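All residue numbers in this chain count up from 1 along the given sequence. Numbering of ligands and ligand atoms starts at 1, following listing order. Just so we're clear, the structure is a prediction, and the values are computed from it rather than from any experiment.
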Amino acid sequence: MKLLYCSLAAVLVLPLALAGAAADFDFFFHVQQVTVDPIIVTLYPPVACIITQRVRWLVASVQWPGSYCDTRADRCCYPGNQKPAADFTIHGLWPNYADCRRGLLTPDAATRCWPDYCNATDPLNTSLIKDLESDLLRNWGTLSCRNRNATAFWSHQWRRHGTCSGMDQHAYFRAALDFKARFNLTRILADAGVAPSRNETYLLSSIEDAVTKATGSAPSVECNRNGRDEMELYQVFQCVGRDGRSPVHCPRRLESRCTDKVKFPAF
Ligand code: 5GP
């Protein structure tokens, strides 16, 4: 059924392809692979379908609250003013293309390795994820002071990333929660002797190795610097298949900015 709908969308997109051909010849011949810009998606919703067909993998991204708050002390607010459990929290589940390409309106290939804002007509409807709410509050809270409303964070993640995933709203949030629960990074690191600490410094390779051993897929780790200019593990990115369930080998290296030794701060 979905294939039928997408084929129909591909036919419908033809006039747009013809219009775009003058600006970008590649678009006409590679309509299934082209990077289409958010503005076109908004103007022409069937394109979202073609984009989601091109998505090959997702990034399951979690953040370490201690590092987020060390770096953004003035902008870090604990949910409900209560220190959260010493655990990673979800940042998002981000669809990615197999490769990076120049878009029709966006000449910078680096920003077009993944799609975003694929369907402006499908905003988050919290009644569809009501049964997940307590799980989401526990595992996908916001630490941002500028926007202390967790629903607004979920809504942003859904609009920007979820609408490009090919999943419906419930499946998208369920997949992110399930993946985090299945691969409990805090426990995986603790089992490898990497425990949150204000004093210890850990080898980045020991963190990467522990996650690789436990999940079968190498993660990417993003670091930031705390107020004492020390490197801290901030986010862990794991590559997941299109189904949002199984870890896969990461087709591309993701952002790192880590040195060989990092802190994993207790909070
Ligand atoms: P992104 O657009 O990179 O997927 O998500 C980042 C956006 O979500 C930013 O606008 C940021 O202010 C907002 N946000 C809200 N709560 C959080 C949080 O707890 N962590 C991060 N990293 N971003 C958050």
- Distance filter under 4.0 Å to Y68 heavy atoms, resulting ligand 1 atoms: 20 (N), 21 (C), 22 (N)
- Message: Please list, in number order, the atoms of ligand 1 under 4.0 Å from a heavy atom of L143.
- Response: 18 (C), 19 (O)
- Message: Assess whether a salt bridge exists between R257 and E222, defined as any Lys/Arg side-chain N lying under 4.0 Å from an Asp/Glu carboxylate O.
- Response: yes
- Message: For W114 and Y97: C-alpha separation, side-chain torsions, deciding distance, then whether ring-ring contact (aromatic ring centres under 6.0 Å, His included) applies.
- Response: CA-CA 5 Å; W114 39 273; Y97 296 140; 9.0 Å; no
- Atoms in ligand 1 with a heavy atom of R160 nearer than 4.0 Å: 1 (P), 2 (O), 3 (O)
- Task: Would you tell me whether R54 and N96 have side-chain atoms, one donor and one acceptor, within less than 3.5 Å of each other?
- Result: no
- Pair T71-N224, side-chain donor/acceptor within less than 3.5 Å: yes
- Ligand-side contact atoms (ligand 1) for residue partner Q157, heavy atom cut-off under 4.0 Å: 1 (P), 4 (O), 5 (O)
- Query: Which residues satisfy the salt bridge (Lys or Arg N to Asp or Glu O under 4.0 Å) test with D87, sequence neighbours excluded?
  - Reply: K180
- Does Q235 come within less than 4.0 angstrom of ligand 1, counting non-hydrogen atoms of the residue? no
Taking distance alone, no hydrogens or angles, what donor-acceptor pairs closer than 3.5 Å link side-chain atoms of residues 130-137 to residues at least two apart or in another chain?
residue	atom	partner	partner atom	Å
K130	NZ	E133	OE1	2.8
D131	OD1	H170	NE2	3.0
D131	OD2	H170	NE2	3.0
D135	OD1	R138	NH2	3.4
D135	OD1	N139	ND2	2.9

- Item | Contact with ligand 1 for Y234, non-hydrogen, under 4.0 angstrom | yes
- Message: Need the ligand 1 atom indices (1-based, order shown) with element for anything under 4.0 Å from a heavy-atom of H156.
- Response: 1 (P), 2 (O), 4 (O), 5 (O), 7 (C), 8 (O)
